[in-house]
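Please read the structure below before turning to the comments.
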Amino acid sequence: MNNSPLLFIDSGIGGLPYLEWLKKRMPEESFVYIADNKNFPFGTKNRNELINIMVATIAEAEEQYSPKAAVLACNTASVVSLDVLRNNFNFPFIGVVPAIKPAAFTTKNKRIGLMASNRTIEDEYTERLIKDFASDCEVFKLAAGEIIDFIENRLYNSDQDEIRAVIAPAVKYFKDNEVDIVVLGCTHFLFLEKELQEELGGNVMIIDSRDGVGRQIMRVLEDKDLKSGRKTDDKFILTGNKESNEKIRNYTWISEKYGLCAV
Ligand code: DGL
């Protein structure tokens, strides 16, 4: 048993739906959620830059919160830095990577869509994932940094017309290429899952990694005897400038919506 918190980290709000999945199933656990908005977006950084950012952020979090395990609730950070972090720290790391493997099992026409950040789309890890698990499929990859930026910075005060306009090029790309499944390879996209599904239509399935990652976290806590017996307050940490009051109200609102205490 271990009552220390479980650390979640993303470049912003993207990891919250992953945290929500786990909170529902493990009510005794305490969480520290770090929205590394100082370094948002991760997806435009090169490998070395992002590895350095992740090592520094995790080292600071280790000092302040002594987490028992960390979840990289971010595909971009995971594909780039998971191995390095595992070698540098003494607690377990669980990463989120694009759900290419389940997509390859599920697709009927062998045409898979993948939307993610620039870094994830370009990264050698993703290439390997496709080669290892979807070599019999065609994978149509789309770097969608502008949608990530929209979700992080503008979603909270946008209307449905703006949302539909922002996702329209992605929807067109996947429809033109007749994919029957789309992998949400960036955790931020979960916030627009409903709209993406409506625009893509009922014949296209959307998948993400929430179930797989959530179950893996539960397994790691169980196997390493790290489950908690006593809950304390969950925390939501912003690393960057507090920017405008309005933006802060959004972060406060969203953290409270997910049951976290903004600090
Ligand atoms: N949520 C991150 C991911 O899953 C966002 C990437 C970014 O900050 O560019 O990849």
Side-chain angles (χ1 to χ4, degrees), residues 1-39 42 51 53-99 101-102 125 187-188 190 207-239 251-263:
M1 187 168 286
N2 186 322
N3 293 335
S4 299
L6 197 54
L7 185 71
F8 271 65
I9 179 161
D10 179 46
S11 59
I13 60 177
L16 288 169
Y18 282 74
L19 174 68
E20 182 185 42
W21 190 103
L22 197 67
K23 262 168 82 89
K24 277 192 192 141
R25 289 158 181 89
M26 302 196 91
E28 294 296 305
E29 296 299 329
S30 308
F31 301 95
V32 174
Y33 184 98
I34 297 185
D36 189 10
N37 67 329
K38 182 172 76 181
N39 294 303
F42 285 172
I51 287 171
I53 288 171
M54 292 307 297
V55 170
T57 311
I58 299 284
E60 204 179 316
E62 180 181 33
E63 207 178 298
Q64 287 197 32
Y65 307 108
S66 308
K68 60 184 172 187
V71 180
L72 302 188
C74 173
N75 294 260
T76 313
S78 301
V79 299
V80 168
S81 67
L82 201 48
D83 289 345
V84 178
L85 295 172
R86 283 182 174 146
N87 288 332
N88 272 269
F89 295 91
N90 287 326
F91 45 87
F93 281 84
I94 298 102
V96 174
V97 298
K101 193 176 169 183
Y125 186 103
T187 53
H188 278 74
L190 266 299
I207 60 165
D208 60 76
S209 319
R210 247 175 318 179
D211 277 354
V213 170
R215 278 199 301 270
Q216 175 65 7
I217 300 168
M218 293 170 85
R219 213 174 298 131
V220 168
L221 296 184
E222 180 75 53
D223 291 353
K224 298 192 181 295
D225 196 21
L226 290 174
K227 281 162 77 177
S228 167
R230 181 176 54 86
K231 176 151 183 74
T232 53
D233 272 355
D234 299 328
K235 294 185 176 64
F236 180 85
I237 317 290
L238 284 174
T239 60
Y251 279 122
T252 306
W253 172 79
I254 197 143
S255 55
E256 280 168 6
K257 177 166 140 49
Y258 283 89
L260 304 167
C261 166
V263 291

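Side-chain atoms are counted along with the backbone in the values below, which use heavy atoms only and exclude waters and symmetry mates. Here the structure is a predicted model, which means the values were calculated and not measured.
A pairwise comparison of heavy atoms in Pro98 and Ser209 identifies C-OG, 4.2 Å as the closest pair. What you find for Ile94 and Leu82 is that their closest heavy atoms are C-CD1, 4.4 Å. Minimum interatomic distance between Ala61 and Pro67 (heavy atoms only, all atoms of both residues): O-CD, 3.8 Å. The two residues Trp21 and Met218 have their closest heavy-atom pair at CZ3-SD, 3.7 Å.
The closest side-chain heavy-atom distance from Leu7 to Ile58 is below 4.5 Å. Annotation: side chain of Ile34 is not in contact with side chain of Lys235 (no heavy-atom distance under 4.5 Å). Put simply, the side chain of Asp10 reaches to within 4.5 Å of the side chain of His188, judged on heavy atoms. Side-chain contact between Cys74 and Val96: absent, with no pair of heavy atoms (C-beta onward) separated by less than 4.5 Å. Proximity of Leu190 to Arg210: side-chain heavy atoms (C-beta onward) are separated by under 4.5 Å at one or more points. Counting only heavy atoms from C-beta outward, the side chains of Ile207 and Pro102 approach each other to under 4.5 Å.
Tyr18 contributes no side-chain N or O that, together with a main-chain N or O of Leu72, makes up a donor-acceptor pair within less than 3.5 Å. At distances below 3.5 Å, not a single donor-acceptor pair connects side-chain atoms of Thr76 with backbone N or O atoms of Phe42. A donor-acceptor distance shorter than 3.5 angstrom exists from the side chain of Asp225 to the backbone of Met1, with no hydrogens or angles considered. Listed for the Asp234 side chain is a donor-acceptor partner under 3.5 Å among the backbone atoms of Phe31. The backbone N or O of Gly229 sits less than 3.5 Å from a side-chain atom of Asn3, completing a donor-acceptor pair. Ser78 contributes no side-chain N or O that, together with a main-chain N or O of Val97, makes up a donor-acceptor pair within less than 3.5 Å. Between the side chain of Ser30 and the backbone N or O of Asp233, no donor-acceptor pair lies under 3.5 Å. Judged by distance alone, the side chain of Arg86 and the main-chain N or O of Phe93 form a donor-acceptor pair under 3.5 Å.
Ring geometry for Tyr33 versus Phe236: interplanar angle under 30°, hence parallel rather than tilted (30 to 60°).
Partners of Asn2 by side-chain contact (heavy atoms from CB on, under 4.5 Å), not counting sequence neighbours, listed by chain and number: Ser4, Lys68, Leu226. Scanning for salt bridge (Lys or Arg N to Asp or Glu O under 4.0 Å) contacts around Lys224 gives an empty result, with sequence neighbours left out. Listed by chain and residue number, Lys227 satisfy the salt bridge (Lys or Arg N to Asp or Glu O under 4.0 Å) test with Glu222 (two or more places apart in sequence, or in another chain).
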**Report entry** Worked verdict on Ser11 versus Asp36 for side-chain hydrogen bond (donor to acceptor under 3.5 Å, both in side chains)
**Finding:** CA-CA 4 Å; Ser11 59; Asp36 189 10; over 6 Å; no

Requested in this report: Determine, step by step, whether Val71 and Ile9 satisfy the side-chain contact (heavy atoms from CB on, under 4.5 Å) criterion, reporting the C-alpha distance in whole Å, the side-chain angles of both residues, the deciding distance to 0.1 Å, and the verdict.
Outcome: CA-CA 6 Å; Val71 180; Ile9 179 161; over 6 Å; no

Requested in this report: Take Leu6 and Phe8 through the side-chain contact (heavy atoms from CB on, under 4.5 Å) test and state the conclusion after the steps.
Outcome: CA-CA 7 Å; Leu6 197 54; Phe8 271 65; 4.2 Å; yes

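Gln64 CD: more than 12 foreign heavy atoms inside a 6.0 Å radius.
To the nearest 0.5 Å, atom CE of residue Met54 and atom CD1 of residue Ile51 are 10.5 Å apart. Rounded to the nearest 0.5 Å, atoms NZ (Lys231) and CE (Met26) are 11.5 Å apart.
When the options Thr232, Leu22, Leu221 are evaluated for a side chain to side chain contact (heavy atoms under 4.5 Å, CB included) with Glu29, the one that passes is Leu221.
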